[in-house]
Novice: 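Below: one structure in structure tokens.
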Amino acid sequence: MPEKRYALRAQDIMTPAPEVISSKGTAADAIHVMRAKHIRSLIVDRDDETDAYGIITYSDLVNKLFAKKLDPAKVSIAEITTKPLIVINPNLRVEYVAQLFAKTGISHAPVFSEHKLIGVISKTDLVENLF
């Protein structure tokens with residue numbers, strides 16, 4: 001049975017159509033969206049075609065904002081965005097996604113197909129689908 005679990009691909013367990021936010025807002029805006037949508041990460045859109053996508057996670061909020069006692073209304077999304085991203089191919093087997101997460105310490109990664117954002121995958125997705 002475990003063999004079938006590991007035959008899964010990133011596209012099989014990812015969350016499709018992830019929430020995207022502009023880097024021009026505030027951390028308070030990001031927190032509002034995350035709370036309203038009950039999600040733990042937001043993809044930060046590129047400012048232009050030469051820019052890289054970014055990500056904001058709960059960990060970023062804790063480490064870059066709350067631990068430093070910064071006011072979310074006064075901190076821009078750009079200031080707390082992790083960028084550039086490690087991205088996942090939709091056909092990557094989940095065992096390799098898990099290994100990548102373990103080696104890099106990340107907990108969320110966007111899934112891109114043909115240069116288009118199609119989903120996001122998290123440690124939660126791995127746990128919920130593999131165990």
Novice: Show your reasoning for whether side chain to side chain contact (heavy atoms under 4.5 Å, CB included) applies to Asn129 and Val94.
Specialist: CA-CA 10 Å; Asn129 287 280; Val94 294; over 6 Å; no

Novice: What residues form a side-chain hydrogen bond (donor to acceptor under 3.5 Å, both in side chains) with Asn91, not counting sequence neighbours?
Specialist: Gln11

Novice: What about Tyr53 and Leu100, same hydrophobic cluster or not, with Ile/Leu/Val/Met/Phe/Trp/Tyr joined at side-chain heavy-atom distances under 4.5 Å?
Specialist: no

Novice: Nearest 0.5 Å, what's the OG1-CG distance between Thr57 and Asn63?
Specialist: 7.5 Å

Novice: Side-chain heavy atoms under 4.5 angstrom apart, residues restricted to Ile, Leu, Val, Met, Phe, Trp, Tyr: same cluster for Leu65 and Val33?
Specialist: yes

Novice: Taking only residues two or more places apart in sequence, or in another chain, which ones meet Tyr58 in a side-chain contact (heavy atoms from CB on, under 4.5 Å)?
Specialist: Met34, Arg40, Leu61

Novice: What's the shortest heavy-atom distance between Ser22 and Ile77, and which atoms?
Specialist: O-CD1, 3.3 Å

Novice: Which atom names give the shortest non-hydrogen contact between Pro84 and Ala52, and what distance separates them?
Specialist: CB-CB, 4.1 Å

Novice: Could you note down all residue pairs passing salt bridge (Lys or Arg N to Asp or Glu O under 4.0 Å) where residues 15-33 supplies at least one of them, sequence neighbours left out?
Specialist: Glu19-Lys37, Lys24-Asp47

Novice: What are the two closest heavy atoms between Ile31 and Pro72, and how far apart are they?
Specialist: CD1-CB, 3.9 Å

Novice: Holding to ring-ring contact (aromatic ring centres under 6.0 Å, His included), I want the full list of residues that pass it with Tyr96, two or more places apart in sequence or in another chain.
Specialist: none

Novice: Please name all residues satisfying ring-ring contact (aromatic ring centres under 6.0 Å, His included) with Phe101, sequence neighbours left out, ordered by chain then number.
Specialist: none

Novice: For the hydrophobic clusters of this structure (ILVMFWY residues joined by side-chain heavy atoms under 4.5 Å, transitively), does one cluster hold both Val120 and Ile39?
Specialist: no

Novice: Can you measure from CD1 (Ile106) to OG (Ser59) and round to the nearest 0.5 angstrom?
Specialist: 11.5 Å

Novice: Report the residues that fulfil side-chain contact (heavy atoms from CB on, under 4.5 Å) with Ala10, sequence neighbours left out, ordered by chain and then residue number.
Specialist: Ile88, Val97, Ile121

Novice: For Pro110, give me all partners under side-chain contact (heavy atoms from CB on, under 4.5 Å), at least two apart in sequence or on another chain.
Specialist: Ile43, Leu85, Val87, Phe112, Leu117

Novice: In the single-linkage hydrophobic clustering (I, L, V, M, F, W, Y; side-chain heavy atoms under 4.5 Å), do Leu42 and Val75 co-cluster?
Specialist: yes

Novice: Could you check whether any side-chain heavy atom of Ile80 comes within less than 4.5 Å of a side-chain heavy atom of Leu70, counting everything from C-beta outward?
Specialist: no

Novice: Which heavy atom in Val44 sits nearest to a heavy atom in Thr81, and how many Å separate them?
Specialist: CG2-OG1, 3.5 Å

Novice: Can you list every pair that meets salt bridge (Lys or Arg N to Asp or Glu O under 4.0 Å) and has a residue in residues 65-86, with sequence neighbours left out?
Specialist: Asp51-Lys83

Novice: Which is it for Thr82 and Lys64 under the side chain to side chain contact (heavy atoms under 4.5 Å, CB included) test, yes or no, and what are the steps along the way?
Specialist: CA-CA 10 Å; Thr82 300; Lys64 298 176 183 178; 3.1 Å; yes

Novice: Among residues two or more places apart or on two chains, list those pairs meeting salt bridge (Lys or Arg N to Asp or Glu O under 4.0 Å) that have a residue in residues 121-131.
Specialist: none

Novice: Once side chain to side chain donor-acceptor pair (under 3.5 Å) is applied, what residue pairs with a partner in residues 104-121 remain, sequence neighbours excluded?
Specialist: none

